[in-house]
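Shown next, in structure tokens, is the structure this report addresses.
A, B, ... follow the sequence lines: proteins, then strands. Residue 1 opens every chain.
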Protein chains: 2
Amino acid sequence: MEQKENGRTGGKAAGRGTYSVGDERRLRILDAAVEHFAQWGFHASSLARIAKDVGITQGGLLHHFRSKEDLLVQVLERTEQQDSERFFREDFATATECYVNLLRLTEYNAARLGRTRMFNVLAAEAGDPGHPAHPYFVRRYTELVSVMSDSLQRAVDSGELRQGTDVVGVAAETAAVMDGLQLQWVLDPKGFDMPTRFHAYAERLLRSITTAGTGLPERPAAGG
Amino acid sequence: MEQKENGRTGGKAAGRGTYSVGDERRLRILDAAVEHFAQWGFHASSLARIAKDVGITQGGLLHHFRSKEDLLVQVLERTEQQDSERFFREDFATATECYVNLLRLTEYNAARLGRTRMFNVLAAEAGDPGHPAHPYFVRRYTELVSVMSDSLQRAVDSGELRQGTDVVGVAAETAAVMDGLQLQWVLDPKGFDMPTRFHAYAERLLRSITTAGTGLPERPAAGG
DNA sequence: GTCTATAACCGGATAGAC
DNA sequence: GTCTATCCGGTTATAGAC
């Protein structure tokens, strides 16, 4: 919070009291960057091309983001913030509730091709330990699996899930299914029904680890 | 088969009858390219850097592959050929046999970090319809799901799997799990035990769709 | 805040020497 | 087969004008 004051927190707000021009510009740059990282990945994306999409020059862009890497970091911070606000506001009371929420997340992602494709590309690229997003994605999966397995463990304790359920394994598996389905969906967004596939997975999974029924709504009723 | 005669089929073999120098060089280039596509993706990889790894110049490399795109295509063709020879030689008699085979494939992949990371990156990048590998990956998933769901359907017919099993859904889900686990494994190859995770998934899945037991070997016995 | 200009470098592909 | 030389263009980042 103290050493970064580029764009979002710094400068013009103090003197003028108006965010309109600068902050809207900043958001438009972030949106354009998502599309470019999705299509080109990080390394092959170009600040000049991103800037052109926004209607400014590369020099102008670098007034808002001090470097290409800074732009990437802020893109990831923003999308993560959107995710958390929407889907991880609090812990889930039951495993079923957790999966209903993940299904909603899948539907949300299925409505944003560029954003989802960007995550596919960056998560894969970040497998290189030298990639600027490597620490981010390592932490992201650690947290995701941790939050989910905690949720599942509470469901085991409450009797919703069978004793002896491998909660960490199921959490990692669920994250894997979501990512893998996204990969297939991005390759064929029209033909591949990602939310329905995830619903089928969740139902089969819950049927095999719950003590009673799945409690999952029918798929047509769950759709948006 | 008729208009491409670069490197693999063309030229020197006809006149000389010796493959040793040229073909070994070609294979070393392909191996180096795998590592570079893994680290940089397609667009940001550089022919000059790849050539340097092999000990030749960019001009020398382009003697073996007429373009960067040609290099990518031949890399994909080679790895796919290796895959098929190893794991899809014939159709599987039972669903269990199919999953035993996929577990072997997972173990195989877990021994090749660069190759696996390359597939993660290229599969994600190829979500862009303009990416040179887009048609390849679209076809790849179509075939994969087709082969697997055929196998599963035979298992339903034989009574191994429950009637009414959504074989296409299970096939897509299985492909998704493999890809998603690979993504997590590449981010943390030491800490994440991909084959064990896949084994746990296969066991849970088979337990929920087979009529009898899973028939899957215990994990330590299955390991290589 | 945005521009132009510039530094310093890297990209793929081609031509031709050997 | 491999090299060097070259073409033409693209890359990030910085400097300074307005």
Side-chain angles (χ1 to χ4, degrees), chain A residues 5-30 32-33 36-37 39-75 130-132, chain B residues 5-30 32-33 36-37 39-75 130-132:
Chain A
E5 49 180 352
N6 193 323
R8 203 178 42 189
T9 55
K12 67 273 165 186
R16 294 254 216 97
T18 169
Y19 295 74
S20 57
V21 176
D23 229 45
E24 222 203 75
R25 189 63 105 202
R26 201 187 144 264
L27 291 179
R28 286 195 57 207
I29 294 171
L30 288 170
H36 281 257
F37 290 150
Q39 180 164 12
W40 298 95
F42 174 72
H43 296 298
S45 285
S46 148
L47 294 181
R49 285 196 299 257
I50 295 171
K52 196 172 200 175
D53 274 13
V54 185
I56 60 175
T57 62
Q58 184 235 23
L61 190 155
L62 283 172
H63 173 78
H64 298 274
F65 302 90
R66 56 164 58 84
S67 71
K68 191 187 183 185
E69 196 167 320
D70 182 46
L71 175 58
L72 173 66
V73 167
Q74 294 201 35
V75 162
H131 194 283
Chain B
E5 49 181 352
N6 193 321
R8 200 181 45 190
T9 55
K12 68 270 167 188
R16 297 253 216 96
T18 168
Y19 295 72
S20 57
V21 176
D23 230 46
E24 222 203 74
R25 189 62 105 202
R26 200 185 144 266
L27 292 179
R28 287 195 55 209
I29 294 171
L30 287 171
H36 282 257
F37 290 150
Q39 180 164 13
W40 299 96
F42 173 73
H43 297 296
S45 285
S46 148
L47 294 181
R49 284 197 298 258
I50 295 171
K52 195 171 199 176
D53 274 13
V54 185
I56 60 175
T57 61
Q58 185 233 26
L61 190 155
L62 282 173
H63 174 77
H64 299 274
F65 303 90
R66 58 164 59 85
S67 71
K68 191 187 184 185
E69 195 166 320
D70 182 45
L71 176 58
L72 173 66
V73 167
Q74 294 201 35
V75 162
H131 193 284

Nearest whole angstrom, please: distance from the [atom2] of [N] to the [atom1] of [X].
X: B/Arg28; N: D/dG1; atom1: CZ; atom2: P; result: 16 Å
X: B/His63; N: C/dC18; atom1: NE2; atom2: P; result: 19 Å
X: A/Ile50; N: D/dG10; atom1: CD1; atom2: C1'; result: 14 Å
X: B/His36; N: C/dG12; atom1: NE2; atom2: P; result: 11 Å
X: B/Glu69; N: C/dA13; atom1: CD; atom2: P; result: 9 Å
X: B/Ile56; N: D/dG1; atom1: CD1; atom2: C1'; result: 9 Å
X: B/Leu47; N: D/dT2; atom1: CG; atom2: P; result: 15 Å
X: A/Leu62; N: C/dT6; atom1: CG; atom2: C1'; result: 14 Å

* **Side-chain (B/Lys52) to main-chain (B/Gln58) donor-acceptor, under 3.5 angstrom** =>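 Such a contact is absent between B/Lys52 side chain and B/Gln58 backbone.
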* **Short side-chain to backbone donor-acceptor contact, A/Ser45 and A/His36, under 3.5 Å** =>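 Yes, because the side chain of A/Ser45 sits within donor-acceptor range (under 3.5 Å) of the backbone of A/His36.
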Is any side-chain N or O of [X] closer than 4.0 Å to OP1 or OP2 of [N]?
X: B/Arg49; N: C/dC10; answer: no
X: A/Ser46; N: D/dT12; answer: yes
X: B/Arg66; N: C/dG12; answer: no
X: B/His64; N: D/dT2; answer: yes

* Can you find a donor-acceptor pair, distance only, under 3.5 Å between B/Gln58 side chain and C/dG12 base? -> yes
* Tell me what B/Thr57 touches on the nucleic acid: a base, only sugar-phosphate, or nothing, going by heavy atoms under 4.0 Å. => base
* Asked: Quick one: which of C/dG12, D/dT12, C/dT2 gets closest to the side chain of B/Lys68?
  ->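 Among C/dG12, D/dT12, C/dT2, the one nearest the side chain of B/Lys68 is C/dG12.
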* How many angstroms lie between OG1 in B/Thr57 and CG in B/Leu47, if you round to the nearest 0.5 Å? -> 11.0 Å
* Just how far is it from atom CZ of B/Arg28 to atom CD1 of B/Ile50, taken to the nearest 0.5 Å? -> 13.5 Å
* Asked: Are A/Phe65 and A/Leu30 close enough that some pair of their side-chain heavy atoms sits under 4.5 Å apart?
  ->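 A side-chain contact under 4.5 Å exists here.
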